[in-house]
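As the structure is a prediction and not an experimental result, all values here were calculated from the model. When a ligand or atom number is given, it counts from 1 through the structure's own listing order.
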Amino acid sequence: MSKDYLEAAIEIARDAGKILREEFDRPAQISYKGDVDLVTQADKRSEQTIVGRLTKYFPDHSIAAEEGSGHESGSEFRWHVDPLDGTTNFAHGYPCFSVSIALAQRGALLAGVVYNPFYDELFAAARGAGATLNGKRIFVSKVDVLATSLMCTGFPVHKRLANPNIHYYWDFTLRSHGVRRDGSAALDLASVAAGRFDGFWEFGLKAWDTAAGVLLIEEAGGKVSDFLGRPYELGGPVILATNGLIHEEARGVAFEISQRDPSAPLRR
Ligand code: IPD
Ligand code: CA
Ligand code: CA
């Protein structure tokens, strides 16, 4: 059953991706939702296509979409839609951005797609059926210590000064092969699923940022939790997603940092 949902999500993500490709070649018309929270014509056109098509195919389902054009139907099925994840990259011409579409039934993820139209990389997963990249099975990496891991994180566009992540960034950088900040949480999670990154964490992500990526990681053999090791809940305040092998070590480091005074200077 969830296979049909996945097929629909793949078709729609590819069409939304075509719009993003077209818009990427034009000068971006940027407006601001917050001091560094950008939105472009591309976000809106992509969302219009996705929400319109989902509504046509699944008229009874609810849709939560970032730019606000979704609707609540009271259904147990809810689509989580980020029409353009990585808007800042997009607006600056850095080709690291994606479409993220996922379906959950009473909070349980059934299907998810993350698509980078610039590189034509489509990551897809259906519950119980594994995760794929352009149709080929993908799996998380086999790196089993943090010291030889490549990590990834992101920084929020809201309340930047209140965010403690610079402390985590500092510590994880010193304890690993490095920490990337690539600017599309959905692609960051997909990259953990594909074994390109060994782990990822971030604060304050919304369900539309993480839903598809979380299912990709679970279906690729990885693990997703909060810093206490409790299962990650969509839209929860913090996410830690890894290949599973480094999860406990990374979680311990994150938990230790969370106990420090966030206004203290960075540690040497
Ligand atoms: C953002 C990206 C970024 C993350 C931010 C998100 P947007 O989404 O996923 O990587 O660090 O927290 O808000 O605004 O480009 O859809
Ligand atoms: Ca996003
Ligand atoms: Ca977005």
[X] to ligand 1: N or O pair under 3.5 Å?
X	result
G183	yes
A186	no
A185	yes
D188	no
G154	no

Quick one: does K206 get within less than 4.0 Å of ligand 1, heavy atoms only?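 No, that is not the case, since the closest heavy atom of the residue is not under 4.0 Å from the ligand.
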Classify the ring geometry of W201 against Y168: parallel below 30°, tilted from 30° to 60°, perpendicular beyond 60°.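 Taking Y168 first and then W201, their aromatic rings sit tilted (interplane angle of 30° to 60°).
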Looking at [X], which atoms of ligand 1 are within less than 4.0 Å of one of its heavy atoms?
X	answer
L84	16 (O)
D85	1 (C), 2 (C), 7 (P), 8 (O), 9 (O), 15 (O), 16 (O)
E66	16 (O)
S184	9 (O), 10 (O)
D82	16 (O)
E202	4 (C), 5 (C), 11 (O), 12 (O)
R181	3 (C), 10 (O), 11 (O)
F155	5 (C), 11 (O), 12 (O)

Spacing of [atom1] belonging to [X] relative to [atom2] belonging to [Y], to within rounding of 0.5 Å:
X	Y	atom1	atom2	result
H80	L215	NE2	CG	11.5 Å
E249	D144	CD	CG	9.0 Å
R45	I50	CZ	CD1	12.0 Å

Would you kindly specify which portion of [X] sits under 4.0 Å from ligand 1, judged on non-hydrogen atoms: side chain, backbone, both or neither?
X	answer
F97	neither
E67	neither
T88	neither
D182	neither

What does the angle at the Ca ion (ligand 2) come to, between atom OD2 of D82 and atom OD1 of D209, rounded to 10°?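 Vertex the Ca ion (ligand 2), arms to OD2 of D82 and OD1 of D209: 100°.
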Please test V214 against L109 for side chain to side chain contact (heavy atoms under 4.5 Å, CB included), starting from the C-alpha separation and ending with a verdict. CA-CA 8 Å; V214 164; L109 291 162; 3.8 Å; yes
Looking at F24, Y94, F90, which one forms a ring pair (Phe, Tyr, Trp, His ring centres under 6.0 Å) with F118?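 Going through the options one by one, the only one that passes is F24.
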Min side-chain heavy-atom separation K206-E66 under 4.5 Å: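 In short, these two side chains do not touch, never coming nearer than 4.5 Å.
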If you draw a 6.0 Å radius around CD in E11, do more than 12 non-hydrogen atoms from other residues or ligands fall strictly inside?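 Enclosed.
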Neighbour count >12 (heavy atoms, 6.0 Å) for atom CD, Q48: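 No, because the 6.0 Å sphere around CD of Q48 holds 12 heavy atoms or fewer from other groups.
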Checking the side chain of [X] only, and the main-chain atoms of [Y] only, is there a donor and an acceptor separated by less than 3.5 Å?
X	Y	result
D182	S184	no
R78	Q105	no
D15	T49	no

With the Ca ion (ligand 3) as the reference point, give the N/O/S atom of E66 that is nearest.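 Per the distance ranking, E66 contributes OE1 as its closest N/O/S atom to the Ca ion (ligand 3).
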Does any N, O or S atom in L84 come within less than 3.0 Å of the Ca ion (ligand 3)?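 Of the N, O and S atoms in L84, at least one lies under 3.0 Å from the Ca ion (ligand 3), which means yes.
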Residue pair D188, S191: steps toward the side-chain hydrogen bond (donor to acceptor under 3.5 Å, both in side chains) verdict: CA-CA 5 Å; D188 297 340; S191 294; 5.8 Å; no
Indicate if the distance from the Ca ion (ligand 2) to the nearest N, O or S atom of D85 falls below 3.0 Å.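 It does: D85 brings an N, O or S atom closer than 3.0 Å to the Ca ion (ligand 2).
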